[in-house]
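Have a look at the structure below before the remarks.
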Amino acid sequence: MEDELRVVSASYITENGGPVVELFGRNRKGESFTLLYRNFLPYFYVIEPTGTELEALDKIDDKVKIENVKLQYRGETRNAIKFTCRSPWRVPEFRKIIRDQNRILAADIPFHFRFYYDFDLGSCVKFSGNEVERGKFTTDHVVVLDSIEKTADFLPPLKIMSFDIENTIKTQRLLVIGYTISFTGKYEDGYIVGEPADIVRQFVELVRKQDPDVITGYNIDGYDLPFIEGVASKGGIELKLARDMTTPQRIQGQFWRIHGRVVADAWWNVKREIHPKQETLAFVSIELLGESKGDVDRLNIDREWEKDRERVIKYCIKDSYLALRILEKIDVLDKYENMSTVSLIPLDDVWNSGNSTLIDSLVIRVADRRGIAVPMNNFINRNEEKIEGGYVHSIEPGLYDMVAVLDFKSMYPSLMIKYNICFTTISEDGEIISPNGTRFVSPERKRGLIPELLEDLMRTRDKYKLMMRNETDPGRKRYLNSMQSQVKILMNSFYGVFASSFYRFTDQNIGSSITAFARETIKGIINDLNSKGIQVIYGDTDSVFIKTGKTDVDSAVSFSVSIGEEISKRLGIQIEVERVLDPLFSHGAKKRYAGKVVYPENERGNLIVRGYEIRRTDSFDLQSEALTEIFNYILNRDVNGALRRAKEIISDVKSGRVEIDKLVISRSVKDFEFYKEQDSLANVQTAKKLMKQGQEFVPGMKVSWIVVDSKKRPQEVEPYIPNQTSNIKPDYQYYADRVAQTLSRVTEVFSVDETSLKNVDIKKKSTLEDFF
DNA sequence: CGCATT
DNA sequence: AACGGCTAATGCG
């Protein structure tokens with residue numbers, strides 16, 4: 001049989017003492033597949049092993065063969081051996097035989113990645129083989145592979161299953177599992193009730209029969225899955241949720257791995273994608289879907305269950321439905337499928353692992369092809385010293401006219417290309433010298449592996465952008481846009497990974513050279529512009545804000561474009577006019593500014609605010625809204641209006657003329673042990689109170705509260721739960737003070753301080769009362 | 001200064 | 001075969 005597949009996940013199982021690689025996914029028609037490959041074995045390298053080491057390796061019962069090879073290691077050709085064995089799970093044990101871990105190479109690459117690299121596979125594969133009986137596998141088809149190769153990507157229908165559990169609070173008894181399944185645009189839902197052990201047994205059956213690619217739910221990682229696992233282990237039930245009958249495994253107390261499926265917690269994904277101000281399912285459902293949750297009282301779920309079982313079941317199913325719709329709404333599935341295409345690893349690994357895994361996938365393949373040694377990651381000898389980062393130019397308080405924002409296109413990747421920065425080119429006799437003294441060989445002598453990869457990615461991105469411009473079909477256009485954006489994200493993640501302390505190809509000097517070149521470049525531009533009489537107002541890492549001195553937009557744009565072109569040509573790195581702001585406001589702090597956009601045309605009139613409270617979840621809505629209003633006045637150059645309105649807002653808050661929803665403050669909470677003085681922190685206090693009330697809480701979650709007495713030490717707060725606020729009395733003075741502080745940072749630029757803002761006769765204005 | 005956030 | 005991109009900077013308590 002022959003077909004093509006989008007790979008959802010890859011793993012291996014043991015069969016007759018040896019490994020079998022398994023790939024899972026769906027074809028264009030939406031049929032699910034298991035692909036099996038039996039003739040692949042694990043291996044690693046050792047550079048110049050000693051006699052004793054070689055003897056010990058040779059004696060290993062698991063050994064298949066030892067071969068002599070040559071490898072490029074730290075710029076030299078070295079003799080090495082390639083050690084092949086049968087059991088991937090025993091490799092950590094064999095690693096210990098070698099004294100100096102620097103001499104063992106590529107002995108920490110997960111087996112399914114080894115398979116992926118060696119067969120040069122991608123997000124989609126073309127295969128041929130014999131279809132066999134399904135046996136224990138849950139997919140529509142099971143195929144023993146003859147051949148497999150990478151193929152052009154496509155997006156088949158994937159099946160998503162969302163579930164939610166309800167349990168009693170006191171006895172922690174499982175009451176019901178509700179679920180919703182989405183496939184080819186259709187929804188199907190249902191529930192399971194009965195004895196707890198039976199519920200879990202039936203759930204396992206359901207998952208096996210439905211065979212979903214993605215499993216989701218709201219906070220299933222930290223709550224529902226561990227709960228079900230607990231019931232299963234108490235009842236002696238094997239939780240065979242995987243496509244190959246294995247049980248879920250928890251990685252680092254956080255992610256779950258279920259062979260053949262992606263576990264994608266809707267909460268975790270929402271957090272990562274949209275940073276909502278509050279993270280409860282109720283809040284996110286309303287914000288994203290405009291739908292509210294059922295109104296079952298979870299605190300008295302035992303009573304609700306006795307009184308009206310149907311209602312609790314409906315509520316449970318609704319929660320699973322909402323989580324599913326949220327996951328669909330934030331469009332993560334397509335996005336991660338496309339990143340899988342760009343980074344050449346299975347969907348599951350893109351979704352649930354870090355940037356270094358993506359970079360590994362591209363870099364290790366090239367290194368292997370060129371005989372370049374692949375060291376292991378090093379999590380033990382972490383370098384304590386930090387790399388110096390980007391340069392941030394200070395900004396004077398004030399209101400500035402016609403400011404152009406120029407910024408570098410992919411600055412760090414561009415510098416890595418320009419200066420040939422790579423672990424393969426770093427050398428004491430290099431011709432290129434970074435500002436911190438590190439030397440790199442010139443590209444004429446030896447083109448670096450990383451610069452070459454980055455150049456390929458730049459070309460790929462430009463290709464997608466060009467295709468996007470010429471595309472008329474909106475669906476296809478969205479796809480192309482997503483692809484170019486994933487390529488950009490991947491390019492930009494190179495610097496971070498190479499600046500990290502643990503990464504296999506990292507050298508401290510590589511990371512610091514990149515930022516040093518960047519600082520030199522940006523400072524050079526600032527000095528140059530200043531010497532030409534062009535005033536630089538601000539700059540951060542890869543951007544410069546200049547005063548154009550023009551009064552109309554067209555001249556401001558053409559003036560700054562010509563400056564950008566001149567710099568681009570001179571430095572060989574592209575710099576573009578991102579925006580023109582008129583005016584730009586600063587209160588004199590770095591990374592904080594507001595401006596009104598006059599260019600580009602499609603953004604004209606928009607207000608942009610960076611860094612200020614408006615964007616922060618630990619400021620309350622009223623504070624954000626007040627600041628936005630004041631910025632509106634200021635950016636329309638109405639300073640008196642701003643002052644008048646600021647005073648009005650503050651006096652309104654002070655006298656309690658504000659809805660409680662506007663006073664909610666949210667912050668995340670870690671594991672309590674993490675804190676030195678946990679009792680003094682409002683977020684920890686809130687989490688503890690929530691737990692006492694029997695609410696779901698897991699570390700890492702954002703909690704929301706209202707300050708009720710700021711004069712107590714520590715300040716007293718009450719958890720905020722929507723529609724349950726009747727008995728909370730906010731400390732209005734506290735809120736008024738905080739708003740005053742925020743607004744005065746702006747008004748002080750115009751010589752009005754906090755005290756003058758607060759000192760108003762509130763009797764004069766009583767706008768609200770006039771309505772009654 | 002510790003902590004969370006951008 | 002398995003944890004893991006980076007720093008600069010602000011502001012609250």
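Residue numbering restarts at 1 for every chain, and letters A, B, ... go by the order of the sequence lines.
Dashed line: the shortest gap from a side-chain N or O of H393(A) to OP1 or OP2 of dA8(C) is not under 4.0 Å. One finds no side-chain N or O of Q741(A) lying less than 4.0 angstrom from the OP1 or OP2 phosphate oxygen of dG11(C). Using a 4.0 Å cut-off, some side-chain N or O of R592(A) falls inside it from OP1 or OP2 of dG11(C). Contact check, Y503(A) against dC3(C): no side-chain N or O comes under 4.0 Å of OP1 or OP2. When the side-chain nitrogen and oxygen atoms of K590(A) are compared with OP1 and OP2 of dA9(C), one or more of them lie within a distance under 4.0 Å.
Relative to the six-membered ring of Y391(A), K523(A) meets both conditions, a distance below 6.0 Å and an angle of at most 45° to the axis. The cationic atom of K82(A) (NZ for Lys, CZ for Arg) does not lie both less than 6.0 Å from the six-membered ring centre of F44(A) and within 45° of the ring axis.
Not a single salt bridge (Lys or Arg N to Asp or Glu O under 4.0 Å) links E520(A) to another residue, sequence neighbours left out. Partners of V8(A) by side chain to side chain contact (heavy atoms under 4.5 Å, CB included), not counting sequence neighbours, listed by chain and number: L158(A), D213(A), V262(A).
The residue S493(A) sits apart from the nucleic acid: no heavy atom pair falls under 4.0 Å. Counting non-hydrogen atoms under 4.0 angstrom, Y612(A) reaches nothing in the nucleic acid. Within the nucleic acid shown, I359(A) has no heavy atom closer than 4.0 Å to any nucleic acid atom. Using a 4.0 Å heavy-atom criterion, one finds that T617(A) contacts the sugar-phosphate atoms exclusively. Using a 4.0 Å heavy-atom distance criterion, R95(A) is classed as a sugar-phosphate-only contact.
M416(A) places its CE atom 16 Å from the P atom of dG5(C), with the value rounded to the nearest Å.
Running 5' to 3' along DNA chain B, contacts with non-hydrogen atoms of chain A at under 4.0 Å begin and end at dG2(B) to dT6(B).
Taking the six-membered ring where tryptophan is involved, the planes of F113(A) and Y117(A) are essentially parallel, since the angle between them stays under 30° and well short of 60°.
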Could you go through D737(A) and K654(A), starting from their C-alpha distance and side-chain angles, then the distance that decides it, and tell me whether this counts as salt bridge (charged side-chain N to carboxylate O under 4.0 Å, His left out)? CA-CA 8 Å; D737(A) 286 346; K654(A) 204 189 288 182; over 6 Å; no
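Minimum atom distance to the side chain of R745(A) is reached by dG11(C), of the listed dA9(C), dG11(C), dT7(C). For V392(A), counting side-chain heavy atoms from C-beta on, the closest listed nucleotide (dG13(C), dA2(C), dA9(C)) is dA9(C).
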